[in-house]
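Remarks on the structure that follows.
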Amino acid sequence: MMKNLKSLLIVAVLVFGTTLATAQKVAHVDVSEIMTKMPAILDAQKQLEKLSQTYQADYKTMGDEYQAKVKKYEAEATTVSEKMNIERQKEVADMEKRIQEFGQTAQKELQTKESDMMKPIEEKVKTAIQKVGKAKGFQYVLNSAGLLLSDGPNLTADVKKELGF
């Protein structure tokens with residue numbers, strides 16, 4: 001009985017000691033805070049907003065032209081031939097299709113541009129987190145966004161410093 005108790009005590013000490021040793025090699029960082037305040041992210045957002053506004057202006061212009069043409073054709077429908085009305089209906093349908101395709105293309109291009117701009121920034125953040133974590137002797141650095149308890153060292157400020165902001 002005493003031998004089992006000693007064995008159990010030794011196992012408990014080893015498990016507890018291993019847990020403490022591991023806990024000391026884990027830190028966390030708030031990636032969301034870094035990404036929302038990083039100058040490169042803010043610049044990328046401005047560029048994307050500008051591109052989005054350009055697409056929106058073009059889309060509005062196309063829509064205005066479409067509306068004007070439809071209004072004109074409706075007003076003249078009784079004064080032109082049936083053949084002309086059929087041609088105009090086809091023209092309006094083609095315009096609708098072009099406007100719809102433009103909207104889809106613009107959305108895809110914005111998504112692609114955002115992805116192309118964000119990928120190197122995300123890699124830079126990841127590299128900085130790895131560098132800071134290793135320099136401070138941590139084996140694991142977790143994103144604090146999903147942590148229910150983040151009582152360990154917070155490397156967010158150190159990573160921001162590494163990134164230059």
Side-chain angles (χ1 to χ4, degrees), residues 1-68 94-165:
M1 176 87 166
M2 192 61 133
K3 189 174 182 176
N4 286 341
L5 187 58
K6 276 186 178 180
S7 296
L8 186 59
L9 184 59
I10 290 171
V11 169
V13 168
L14 287 174
V15 168
F16 184 71
T18 303
T19 302
L20 282 178
T22 302
Q24 292 175 350
K25 296 182 183 190
V26 176
H28 62 92
V29 64
D30 189 344
V31 176
S32 177
E33 179 182 339
I34 292 169
M35 294 294 283
T36 57
K37 295 179 181 171
M38 191 172 175
I41 292 286
L42 300 175
D43 290 343
Q45 288 172 338
K46 286 177 187 175
Q47 289 178 31
L48 289 169
E49 182 63 30
K50 185 177 179 182
L51 183 58
S52 176
Q53 288 172 350
T54 301
Y55 285 141
Q56 287 174 357
D58 292 346
Y59 190 79
K60 184 181 180 326
T61 300
M62 292 173 80
D64 291 346
E65 289 173 5
Y66 169 80
Q67 291 297 329
D94 288 345
M95 284 183 79
E96 285 176 355
K97 184 178 178 186
R98 281 196 310 274
I99 291 169
Q100 188 177 38
E101 288 172 352
F102 175 81
Q104 292 170 349
T105 301
Q107 186 177 11
K108 286 178 186 174
E109 287 178 8
L110 277 171
Q111 289 171 344
T112 300
K113 181 79 170 172
E114 180 181 19
S115 177
D116 291 347
M117 293 174 85
M118 296 303 291
K119 191 171 185 171
I121 295 170
E122 290 168 353
E123 281 299 316
K124 186 175 181 178
V125 169
K126 181 180 175 184
T127 301
I129 291 169
Q130 290 172 338
K131 184 176 180 181
V132 169
K134 285 181 182 180
K136 298 224 177 232
F138 294 104
Q139 291 177 326
Y140 303 97
V141 179
L142 306 173
N143 185 358
S144 61
L147 296 178
L148 298 176
L149 173 66
S150 57
D151 200 20
N154 185 346
L155 302 180
T156 303
D158 297 316
V159 173
K160 284 181 176 180
K161 185 177 178 182
E162 175 67 27
L163 291 167
F165 72 100

Should D64 and K60 be marked as a salt bridge (Lys or Arg N to Asp or Glu O under 4.0 Å) after you check the CA-CA gap, both sets of side-chain angles, and the distance that decides it?
CA-CA 6 Å; D64 291 346; K60 184 181 180 326; 2.9 Å; yes
Working for side-chain contact (heavy atoms from CB on, under 4.5 Å), residues V125 and L163
CA-CA 7 Å; V125 169; L163 291 167; 4.0 Å; yes
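Take K37 and apply the side-chain contact (heavy atoms from CB on, under 4.5 Å) test, not counting sequence neighbours, and it matches E33, K160, F165.
A donor-acceptor pair under 3.5 Å is absent between the side-chain atoms of T156 and the main chain of V29, judged by distance alone. In this structure, the side chain of T112 engages the main chain of K108 through a donor-acceptor pair within 3.5 Å.
Atom-to-atom distance recorded for L42:CG and Q47:CD is 11.5 Å, nearest 0.5 angstrom. Atoms CG and CD1, on L155 and I34 in that order, are 9.0 Å from each other to the nearest 0.5 Å. Distance OG/S52 to CD/E114: 10.5 Å, rounded to 0.5 Å. Annotation: the span from I41 atom CD1 to I121 atom CD1 amounts to 4.0 Å, rounded to 0.5 Å.
Annotation for G103 and Y59: closest pair CA-CE1, 4.1 Å, computed over non-hydrogen atoms. Heavy-atom minimum distance, Y66 versus I99: CB-CD1, 3.6 Å.
Legend: side chain to side chain donor-acceptor pair (under 3.5 Å) pairs involving residues 117-129, not counting sequence neighbours: none detected.
For the residue pair E49/Q53, the side-chain donor-acceptor check at 3.5 Å is satisfied.
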